[in-house]
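Notes follow once the structure below has been shown.
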Amino acid sequence: MSTKPSRSAGTAFAARVLRVVRQIPPGRVATYGDVARLAGRPRAARAVGTIMRIASMPGLPYHRVVAAGGLVGGYGGSPALKAALLAAEGLPIKGRRIRRFAEHRWAPARGRRSGQG
DNA sequence: GTGTTGACGCCTA
DNA sequence: ATAGGCGCCAACA
């Protein structure tokens, strides 16, 4: 096994980021900072955006990753689409922001992994 | 190895 | 609420 990770969006951090995003359930959202933190790099919120843009995989709810404060943030293609997707999941989108963001903010299962298969 | 860019975060005016 | 600036990390030329 290689002692060094792969490059080009194949880093361990990138894999962790995708893993976290995949855990975000419908109707909930997490911030780039939260994903970065859960991925092991609490200061890499910006890098999270970079990774999602590069290592984007089909099937992952990238639209559920928003900026701090409940701001919808950016999105590949069109931020408006991101807001529309969130609104379609029942989130109270107000312009470029989510109302009562704290109540819709997602948190990973603690103690045990929710992944049961 | 260096410099620039970017789906960010927080502070200050 | 709006605008400007600095710091952080990873990908890319």
Side-chain angles (χ1 to χ4, degrees):
Chain A
M1 305 43 141
S2 330
T3 55
K4 296 192 296 193
S6 304
R7 290 160 240 306
S8 194
T11 64
F13 179 62
R16 294 180 197 283
V17 168
L18 301 179
R19 171 87 52 167
V20 173
V21 174
R22 187 187 220 130
Q23 294 293 325
I24 306 173
R28 304 265 192 249
V29 292
T31 69
Y32 292 92
D34 288 343
V35 175
R37 179 189 290 274
L38 294 169
R41 295 283 183 270
R43 310 289 182 191
R46 208 164 201 186
V48 169
T50 299
I51 288 163
M52 292 214 267
R53 178 170 65 87
I54 301 301
S56 58
M57 300 173 57
L60 298 186
Y62 294 107
H63 61 279
R64 290 176 196 148
V65 182
V66 300
L71 283 171
V72 173
Y75 193 69
S78 175
L81 174 60
K82 184 176 181 180
L85 290 170
L86 293 171
E89 294 190 353
L91 288 163
I93 304 299
K94 179 68 172 180
R96 299 198 280 233
R97 181 165 288 222
I98 301 173
R99 299 239 292 175
R100 302 191 306 166
F101 164 64
E103 297 181 14
H104 301 287
R105 191 177 183 177
W106 170 76
R110 299 160 305 156
R112 323 195 185 226
R113 292 175 226 164
S114 55
Q116 52 64 62

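Residue numbering restarts at 1 for every chain, and letters A, B, ... go by the order of the sequence lines. In this text, all values refer to a predicted model and were calculated from it rather than measured experimentally.
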Rounded distance in Å - [atom1] ([X]) to [atom2] ([N]):
X        : N       : atom1 : atom2 : result
Leu18(A) : dA10(C) : CG    : P     : 14 Å
Arg46(A) : dA11(C) : CZ    : C1'   : 13 Å
Met52(A) : dC9(C)  : CE    : C1'   : 14 Å
Arg16(A) : dC9(C)  : CZ    : P     : 16 Å

Separation between CZ (Phe13(A)) and CZ (Arg41(A)), nearest 0.5 Å, reads 7.0 Å
Are the side chain of Lys82(A) and the backbone N or O of Tyr62(A) linked by a donor-acceptor pair below 3.5 Å?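 Not confirmed, Lys82(A) side chain does not pair with Tyr62(A) backbone.
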Short side-chain N/O contact to dA11(C) OP1/OP2 from Thr11(A), under 4.0 Å: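 Answer yes for this pair, as a side-chain N or O of Thr11(A) is under 4.0 Å from OP1 or OP2.
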Below 3.5 Å, does any donor atom in the side chain of Arg43(A) face an acceptor in the base of dG7(C), or the other way round? no
Return whichever of Thr31(A) or Ala47(A) has its heavy-atom-nearest nucleotide of DNA chain B closer to the 5' end. Ala47(A)
Considering heavy-atom distances to DNA chain B, does Gly33(A) or Thr50(A) have its closest nucleotide positioned more toward the 5' end? Thr50(A)
With a strict under 4.0 Å distance from non-hydrogen atoms of chain A, what nucleotide opens and what nucleotide closes the contacted stretch of DNA chain B, reading 5' to 3'?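 On DNA chain B, the outermost contacted nucleotides are dG6(B) to dC10(B).
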Measure across Leu91(A) and Gly27(A) and return the closest heavy-atom pair with its distance rounded to 0.1 Å.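 Taking every non-hydrogen atom into account, CD2-O, 3.4 Å.
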Would you classify Tyr62(A) as touching base, sugar-phosphate or nothing, given that sugar-phosphate means primed atoms plus P, OP1 and OP2, and contacts are heavy atoms under 4.0 Å? base
Taking only residues two or more places apart in sequence or in another chain, which ones pass side chain to side chain donor-acceptor pair (under 3.5 Å) with Arg100(A)?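 Only Glu103(A) meet the side chain to side chain donor-acceptor pair (under 3.5 Å) criterion with Arg100(A).
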Please tell me which of Ala44(A) and Arg53(A) maps to the more 5' nucleotide of DNA chain C, matching each residue to the nucleotide holding its nearest heavy atom.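 It is Ala44(A), whose closest nucleotide lies nearer the 5' terminus.
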Check the pair Lys94(A), Ile98(A) against side chain to side chain contact (heavy atoms under 4.5 Å, CB included), reporting the backbone distance first and the verdict last. CA-CA 6 Å; Lys94(A) 179 68 172 180; Ile98(A) 301 173; over 6 Å; no
Listed partners of Glu89(A) passing side chain to side chain contact (heavy atoms under 4.5 Å, CB included), at least two apart: Pro26(A), His63(A), Arg64(A)
